[in-house]
Amino acid sequence: MVLSARNGIKGKVTDVKLGEVMASVKIEVTEPGVITAVITRESAEALELAAGDDVEAVIKSTEIMVAKE
């Protein structure tokens, strides 16, 4: 599958809970090994980011789509 979106994260489904309308899908993430974040210079300086720092990648999105090959 080819998509223009660059935020694909590969993984394996570990649990599916079906509701009346919605379903909750747990995905164990295995790839990619590196996530690239593009942030403002002001934010990078405010966080004093440097190679080797321990950080948390927080993904902001209104939805996560699931694709199956």
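Just so you know, these numbers come straight off a predicted model, no measurement behind them. Basis for what follows: all heavy atoms, side chains included, without hydrogens, waters or symmetry-related copies.
- For Thr14, there are no side chain to side chain donor-acceptor pair (under 3.5 Å) partners two or more places apart in sequence or in a different chain.
- Using a 4.5 Å heavy-atom cutoff, the side chains of Leu49 and Ile39 are in contact.
- Other residues, nucleotides and ligands contribute over 12 non-hydrogen atoms within 6.0 Å of the CD atom of Glu45.
- Met65 and Val25 fall into different hydrophobic clusters, where Ile, Leu, Val, Met, Phe, Trp and Tyr side chains are chained together by heavy-atom contacts under 4.5 Å.
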N/O donor-acceptor pairs under 3.5 Å from side chains in residues 15-22, not counting sequence neighbours:
residue, atom, partner, partner atom, Å
Asp15, OD2, Lys17, NZ, 2.7

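- In this structure, Ile27 CD1 and Ile9 CD1 are separated by 9.5 Å, a value rounded to the nearest 0.5 Å.
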